[in-house]
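Everything below concerns the one structure shown next.
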Amino acid sequence: MEKTYPRRFAREFHDFSQNIRLHVEEEKSWFELEIDTEPDSDLGCLWYKDQQKWIRAELHKGKPVIPSDVFEFSIQRQDPVIEGNALIAFANEDEEPVDWNSRELDVHIW
């Protein structure tokens, strides 16, 4: 099991790059989030909401990943863009996040 991030306060959401990579394999796909801070910084564990339950994001090569099937996607008619969104939050490894401290993660694929 790879290292998890220790807890920190409200700045976690600002420590990620706006660039998110989509990985597609034959049987699954996921979004990999890029961290802008130093690898040893005090980020909390990243969680995402799948239906009505919170799931802690796994790490892939030290970066948190979110399965693409938890996103809700829509297609923009005026632009050739697919937009997806999912709910994410930070919390300690041993406790689930609370809804009021979560954010919507929007991705655009074109």
Side-chain angles (χ1 to χ4, degrees):
M1 177 176 245
E2 291 190 58
K3 170 187 163 194
T4 58
Y5 305 114
R7 176 86 171 128
R8 203 167 59 150
F9 297 106
R11 290 206 50 231
E12 295 100 336
F13 296 102
H14 301 287
D15 290 329
F16 286 89
S17 168
Q18 291 187 19
N19 297 318
I20 298 173
R21 291 182 180 87
L22 172 62
H23 293 265
V24 179
E25 293 183 354
E26 189 172 324
E27 296 182 19
K28 63 181 179 176
S29 60
W30 67 91
F31 290 95
E32 175 184 283
L33 283 68
E34 186 73 35
I35 302 170
D36 276 344
T37 61
E38 294 296 318
D40 294 331
S41 67
D42 293 340
L43 288 174
C45 292
L46 178 67
W47 294 72
Y48 61 89
K49 198 159 198 178
D50 185 10
Q51 302 194 8
Q52 294 302 315
K53 64 180 179 178
W54 286 101
I55 298 173
R56 188 168 55 105
E58 294 181 13
L59 297 179
H60 179 259
K61 298 181 180 179
K63 298 175 185 171
V65 296
I66 301 174
S68 61
D69 61 353
V70 301
F71 285 78
E72 292 184 29
F73 292 98
S74 62
I75 299 173
Q76 304 295 325
R77 289 181 173 229
Q78 61 274 31
D79 297 318
V81 174
I82 299 172
E83 183 177 317
N85 55 52
L87 205 56
I88 62 170
F90 289 88
N92 290 327
E93 182 177 355
D94 57 344
E95 61 187 44
E96 287 190 10
V98 291
D99 287 345
W100 62 265
N101 195 25
S102 62
R103 303 286 189 278
E104 190 173 277
L105 174 63
D106 295 320
V107 296
H108 297 94
I109 305 168
W110 58 85

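Small disclaimer: the values here were computed from a predicted structure and weren't measured. As a basis for the values below, the full set of heavy atoms in this structure was taken, side chains included, without hydrogen atoms, waters or symmetry mates.
In the hydrophobic cluster analysis, where Ile, Leu, Val, Met, Phe, Trp and Tyr join through side-chain heavy atoms closer than 4.5 angstrom, I66 is grouped together with V107. Under a hydrophobic clustering in which Ile, Leu, Val, Met, Phe, Trp and Tyr are joined whenever their side-chain heavy atoms come within less than 4.5 Å, directly or via other members, V24 and V65 fall into different clusters. Put simply, V98 and L87 are part of two different groups of oily side chains (I, L, V, M, F, W, Y) that touch within less than 4.5 Å, one to the next.
Minimum heavy-atom separation, L33 to K63: O-CB, 3.5 Å. Counting all heavy atoms, side chain and backbone alike, A89 lies closest to P97 at CB-CB, 3.5 Å. Among all heavy-atom pairs drawn from E25 and W30, the shortest one is OE2-CH2, 3.3 Å. Counting all heavy atoms, side chain and backbone alike, E96 lies closest to A91 at C-CB, 4.1 Å.
From I55, atom CD1 reaches atom CH2 of W47 across 9.0 Å, with rounding to the nearest 0.5 Å.
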*Might you work through the side-chain contact (heavy atoms from CB on, under 4.5 Å) test for N101 and F90, ending with a clear yes or no?*
CA-CA 8 Å; N101 195 25; F90 289 88; over 6 Å; no

*Would L46 and Y48 satisfy side-chain contact (heavy atoms from CB on, under 4.5 Å), going step by step from the backbone distance to the final call?*
CA-CA 7 Å; L46 178 67; Y48 61 89; over 6 Å; no

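Taking the six-membered ring where tryptophan is involved, the planes of F31 and F71 are tilted, since the angle between them lies from 30° to 60°.
For D99, the salt bridge (Lys or Arg N to Asp or Glu O under 4.0 Å) criterion is met by K49, not counting sequence neighbours. In this view, E58 satisfies the salt bridge (Lys or Arg N to Asp or Glu O under 4.0 Å) rule with no residue, not counting sequence neighbours.
The closest donor-acceptor contact from the side chain of S68 to the backbone of S29 lies under 3.5 Å.
Residue E27 places its CD atom among 12 or fewer non-hydrogen atoms of other residues, nucleotides or ligands, all under 6.0 Å distant. More than 12 heavy atoms of other residues, nucleotides or ligands sit less than 6.0 Å from atom CD of E104.
Contact check for L105 versus I20: side-chain heavy atoms found under the 4.5 Å cut-off.
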